[in-house]
**Q** 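Below you will find the structure I want to go over with you.
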Amino acid sequence: QVQLVQSGAELKRPGSSVKVSCKASGGTFRGYTISWVRQAPGQGLEWMGRIIPIDGTRNYAQKFQGRMTITADKSTGTAYMELGSLRSEDTAIFYCARAPASKDGFDIWGQGTMVTVSS
Amino acid sequence: DIQMTQSPSSLSASVGDRVTITCRASQRISILLNWYQQKPGKAPKLLIYAASSLQSGVPSRFSGSGYGTDFTLTISSLQPEDSATYYCQQSDSSPTFGQGTRLEIK
């Protein structure tokens, strides 16, 4: 059974960037999509963007376009999310989540990575 | 973007009750609607995909229905472990989530 294992919590200064990893443990990405979902403290879920690791196709939510980059390393089965120009409002838990295809539900989720932006 | 609106935003029910949560899309999305359960401090868990298909391992008291713009999640007999926040999500285009429904057990 594939698990998604994310990197640990981060503390960042405003204006800096953060890079979070998501490794597929016990399997590979195959043809699946990997999305990134943000959840601010006490708030709901917000989809940020996704990648199809097998071919590198990427889509971003308009809100994050230009400030976010999603990449994937097929050889290690690891996806990455980098978010730049951080501000305090970016303080959140970031989840990676797998979907078998772009129009499917997210059937496997990482454990989440807490990113705190504070001076 | 397709907007998803859930109702109610919160509810309280007793063990054994039948509970229904609704989700409305701002435009037609066929059956491309999924439901998640999230407990405090945990990642969301997929319950229902494609509007009415039960994800493997999810208890059969959970069911989903709907097509187009209006969808429902039903818990047929509420259990204590169902206390959680529930989210709908459309997967027709760039995914969007509803704002969530917090379910409390009386």
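In this text, all values refer to a predicted model and were calculated from it rather than measured experimentally. In what follows, chains carry the letters A, B, and so on, assigned in the order in which the sequence lines appear, proteins first and then strands, with residues in each chain numbered from 1.
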**Q** Using side-chain heavy atoms (C-beta onward) and a distance below 4.5 Å, is V37(A) in contact with F97(B)?
**A**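 Touching, per the 4.5 Å side-chain cut-off.
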
**Q** In terms of heavy-atom proximity below 4.5 Å to chain B, should S102(A) be classed as side chain, backbone, both, or neither?
**A**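 S102(A) touches chain B through backbone heavy atoms alone.
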
**Q** Could you look at F106(A) and say if it's the side chain, the backbone, both or neither that has a heavy atom under 4.5 Å from chain B?
**A** both

**Q** With a cut-off of 6.0 Å (strictly less than), are more than 12 heavy atoms of other residues, nucleotides or ligands near CD of Q62(A)?
**A** no

**Q** Determine the minimum heavy-atom distance between S91(B) and K103(A), stating which atoms define it.
**A**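 Heavy-atom minimum between the residues: OG-O, 2.9 Å.
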
**Q** Honestly curious: do M81(A) and Y60(A) fall in one hydrophobic cluster under the side-chain, below-4.5 Å linking rule?
**A** yes

**Q** Side chains of Q89(B) and L45(A), heavy atoms from C-beta outward: is any pair under 4.5 Å?
**A**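 Counting from C-beta outward, Q89(B) and L45(A) never come under 4.5 Å.
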
**Q** Return yes when atom CZ of R24(B) has more than 12 non-hydrogen atoms of other residues, nucleotides or ligands closer than 6.0 Å, and no otherwise.
**A** no

**Q** Which region of P40(B), side chain (C-beta onward) or backbone (N, CA, C, O), has a non-hydrogen atom less than 4.5 Å from a non-hydrogen atom of chain A, or is it both or neither?
**A**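 Contact with chain A involves no heavy atom of P40(B) at all.
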
**Q** Following the transitive rule for hydrophobic clusters with a side-chain heavy-atom cut-off under 4.5 Å over Ile, Leu, Val, Met, Phe, Trp and Tyr, establish whether W35(B) and L46(B) coincide in one cluster.
**A**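 No; tracing contacts between hydrophobic side chains, which count when under 4.5 Å, never links both residues.
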
**Q** Can you give me the closest heavy-atom contact between A43(B) and G110(A), atom names plus distance?
**A**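 Heavy atoms only, the tightest pair is CB-O, 3.4 Å.
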
**Q** Would Y80(A) end up clustered with V115(A) when hydrophobic side chains under 4.5 Å apart are linked, directly or stepwise?
**A** no

**Q** Heavy atoms, side chains only, cut-off 4.5 Å: are Q39(A) and P44(B) in contact?
**A**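 Q39(A) vs P44(B): side chains apart.
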
**Q** More than 12 heavy atoms of other residues, nucleotides or ligands under 6.0 Å from CZ of R61(B): is that the case?
**A**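 More than 12 within 6.0 Å, yes.
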
**Q** Find out if a path of hydrophobic residues (ILVMFWY) with successive side-chain heavy-atom gaps under 4.5 Å connects I34(A) to F64(A).
**A**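 Yes; tracing contacts between hydrophobic side chains, which count when under 4.5 Å, links both residues.
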
**Q** Given heavy-atom pairs under 4.5 angstrom as the criterion, report whether the side chain, backbone, both or neither of N59(A) touches chain B.
**A** neither

**Q** Tell me, out of L33(B), N34(B), I48(B), who's got the most heavy-atom pairs with chain A below 4.5 Å.
**A**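 Greatest number of close heavy-atom pairs with chain A: N34(B).
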
**Q** Grab the two heavy atoms, one from W47(A) and one from S94(B), that are nearest each other, plus how far apart they are.
**A**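 Reported closest heavy-atom pair: CZ3-CB, 3.7 Å.
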
**Q** Are V15(B) and I75(B) connected into the same hydrophobic cluster when the rule is that any two of I, L, V, M, F, W, Y join if their side-chain heavy atoms are below 4.5 Å apart?
**A** yes

**Q** Would you name the heavy atoms of Q38(B) and Y95(A) that are closest together and state the gap between them?
**A**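 Smallest interatomic distance, heavy atoms only, reads NE2-OH, 3.5 Å.
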
